[in-house]
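The next block holds one structure in the form of structure tokens; read it before the comments.
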Amino acid sequence: MQSKAQEEESVHLPEDELHRRGFVTNYPSSRYWKSSFTPTISENNRLHLYIHIPYCIQRCAYCFFKITELADSDREQMEQYVDYLCREIAMVSQAYSWQHRPVDTLYFGGGTPSLLRPKQLEKILNQLNKHFNLALTEFVFEVEPITYTKSKAQQLGEFGITRMSFGIQSFVDDIVRKTGRKDTEKMNIEAIDRALDSGVTVNIDLLSGLEGETMETWQHSVERAISLDVHAITVYKMELYKNSKYFSAVRKNTIILPSDDEEIAFMRMAMGALKRANYQPSTYFTFTKNGDYPQGHIIKRWRGEDTYGFGVSAFSSLEQAYIQNTSNTQTYIDKIENAELPIDRGMHLNSREIIARDIVLGMKTSQIDLIAFQQKHGIELASPKNEMLHLLIKKGFLTIENNVLKLTEQGVMYGDFSGKSLASAWLESGY
């Protein structure tokens, strides 16, 4: 029998991954997904829907998403997209017999959903109501502050939106200009105040690591967000991808972005300020006022509930499968025109992969209910045999309280590190 010291020597933390790089959105990674994919659909009780609107006024220097820059002269293009989006909604509902399946949450993301005209948004919602059983507890809508005028605020107020997420990124005008955006601090504050006055739950996204960011500018953005008394503040780290303007600029040495060590310092500063203002972690990157106002859509998805995505490049995360639509708009249109679902690739998950997924994505919510996890998977996550878990506890990344596995402040600091470490250990050896 091994001694305790020998057991601790048999497992090691992946120290080379101890940073905030590599934000996990799906697990296993999409690089393992395959084309010519036909999903096997099983039906759980609740369903969550995501609608992708791939249009923006301008492409930000850091952006890597599938978006189309939209000029006023291109409005017919967006009108056509909405038409085919509505056709996809009908096709999916019929293909999977989901007409009566209750839809718990709805999320409009992008891109910039707030570029939709009222009649276009009404058309999409009418189609969803026609082909799904909308029993919404939450309706989330992403907003670009520059588009959220007084008239837009009044228009959106008629559609039952319960939560708005503002992609502010920075309250420092000079940093925002360098990303190619036209927002100003004054404009952003006015837009956020309008949303707060409307009575919806308001989230602000901040993005650390932009060009020109210093501790002084970052502190200003964090403290400004807190001063506005919004319901939630999300703190992302900027990720560098090949299809962003930042990537080519870094390779040409025309810009220098903050280092990993600086990013850790930024996060440590933000966490301290948010804690003092009693914003508590709802996920490891979203902090909510007094611990209230969690965003149900993303948390329920990460806890394994089915989420289906509509539109160009949209992801779906189902009980036993991942799906992604084509990222090419013309291909998207052509497939729907030919009565085909616009699926480009996907992956079936086996039982071990499902468990690993629920560990990684579950830890993104900052905690996993150990009893519920065991009931779902038949796995004792806190088993004495789970050496990685006990090492993470010893090193101060995790704690267990009342049968709930929780990220500590250090665990929150390092993002997906704990979840990925636990999942890798499970896939390598089981418990």
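Basis for what follows: all heavy atoms, side chains included, without hydrogens, waters or symmetry-related copies.
A195 is linked by a side chain to side chain contact (heavy atoms under 4.5 Å, CB included) to Y148, M164, F166, V200, V202, counting only residues two or more places apart in sequence or in another chain. Residues forming a side chain to side chain contact (heavy atoms under 4.5 Å, CB included) with I400 (at least two apart in sequence, or on another chain): L370, A382, L389, I393, L405.
Counting heavy atoms from C-beta on, the side chains of H377 and I354 come closer than 4.5 Å. Side-chain contact between L392 and L422 is present, with at least one heavy-atom pair separated by less than 4.5 Å. Taking the side chain as every heavy atom from C-beta outward, I89 and F132 approach each other to under 4.5 Å. Contact of the N325 side chain with the F315 side chain is not registered, since no non-hydrogen atoms from C-beta on lie closer than 4.5 Å. The side-chain heavy atoms of V140 and F108, taken from C-beta on, include no pair separated by under 4.5 Å. Using a 4.5 Å heavy-atom cutoff, the side chains of I124 and L85 are in contact.
Checked against the 6.0 Å centroid criterion, the rings of Y84 and Y332 do not qualify as a close aromatic pair. Taking the ring centroids of F285 and W302, they lie under the 6.0 Å cut-off. Checked against the 6.0 Å centroid criterion, the rings of F159 and F139 do not qualify as a close aromatic pair.
Salt bridge D358/K376: present, at least one basic N to carboxylate O contact under 4.0 Å. Comment: D306 engages R101 in a salt bridge, judged by a side-chain N to carboxylate O separation of less than 4.0 angstrom. A salt bridge links K335 to E340: one of the charged nitrogens lies within less than 4.0 Å of a carboxylate oxygen.
The environment of D197 atom CG is dense: over 12 non-hydrogen atoms of other residues, nucleotides or ligands sit within 6.0 angstrom. Other residues, nucleotides and ligands contribute over 12 non-hydrogen atoms within 6.0 Å of the CD atom of E190.
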Residues E263, S208; criterion side-chain hydrogen bond (donor to acceptor under 3.5 Å, both in side chains); working and verdict: CA-CA 7 Å; E263 287 282 14; S208 71; 2.6 Å; yes
Stepwise side-chain hydrogen bond (donor to acceptor under 3.5 Å, both in side chains) test for D104 and T137: CA-CA 6 Å; D104 186 38; T137 63; 2.9 Å; yes
Test side-chain contact (heavy atoms from CB on, under 4.5 Å) applied to T112 and C56, step by step: CA-CA 5 Å; T112 308; C56 287; 3.2 Å; yes
Chi angles and distances behind the side-chain hydrogen bond (donor to acceptor under 3.5 Å, both in side chains) call for T105, H297: CA-CA 6 Å; T105 68; H297 179 88; 2.8 Å; yes
L228/I189 under side-chain contact (heavy atoms from CB on, under 4.5 Å): CA gap, chis, key distance, verdict: CA-CA 8 Å; L228 295 173; I189 292 172; 3.9 Å; yes
From CA spacing to verdict: side-chain hydrogen bond (donor to acceptor under 3.5 Å, both in side chains), Y50, H52: CA-CA 7 Å; Y50 171 84; H52 188 65; 2.9 Å; yes
T326/I343 under side-chain contact (heavy atoms from CB on, under 4.5 Å): CA gap, chis, key distance, verdict: CA-CA 6 Å; T326 176; I343 295 172; over 6 Å; no
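Listed for the D369 side chain is a donor-acceptor partner under 3.5 Å among the backbone atoms of A372. Within the 3.5 Å criterion, the main-chain N or O of S317 finds no donor-acceptor partner in the side chain of R301.
When all heavy atoms of P384 and H390 are compared, the pair lying nearest together is CA-NE2, 3.7 Å. L206 and S221 get closest at one heavy-atom pair: CD1-O, 3.9 Å.
Under the 30°/60° scheme for interplanar angles, the aromatic rings of F397 and F417 are found to be tilted. The aromatic rings of Y293 and H231 sit perpendicular, their planes meeting at an angle over 60°, well past the 30° parallel limit.
Among pairs with a residue in residues 135-155, those fulfilling salt bridge (charged side-chain N to carboxylate O under 4.0 Å, His left out) read E144-R181, at least two apart in sequence or across chains. Applying the salt bridge (charged side-chain N to carboxylate O under 4.0 Å, His left out) definition to pairs two or more places apart or across chains, those involving residues 82-99 are D83-K123, R87-E337. Within the structure, side-chain hydrogen bond (donor to acceptor under 3.5 Å, both in side chains) pairs that include any residue of residues 157-169 comprise S165-N203 (at least two apart or interchain).
The one candidate from T283, T286, D416 that meets the side-chain hydrogen bond (donor to acceptor under 3.5 Å, both in side chains) condition with K364 is D416.
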Enumerate, atom names and distances included, each donor-acceptor pair closer than 3.5 Å involving a side-chain atom of residues 265-278, sequence neighbours excluded.
unit_1	atom_1	unit_2	atom_2	d
K275	NZ	E409	OE2	2.5
R276	NH1	G272	O	3.3
N278	OD1	Q280	NE2	3.0
N278	ND2	N290	OD1	2.8

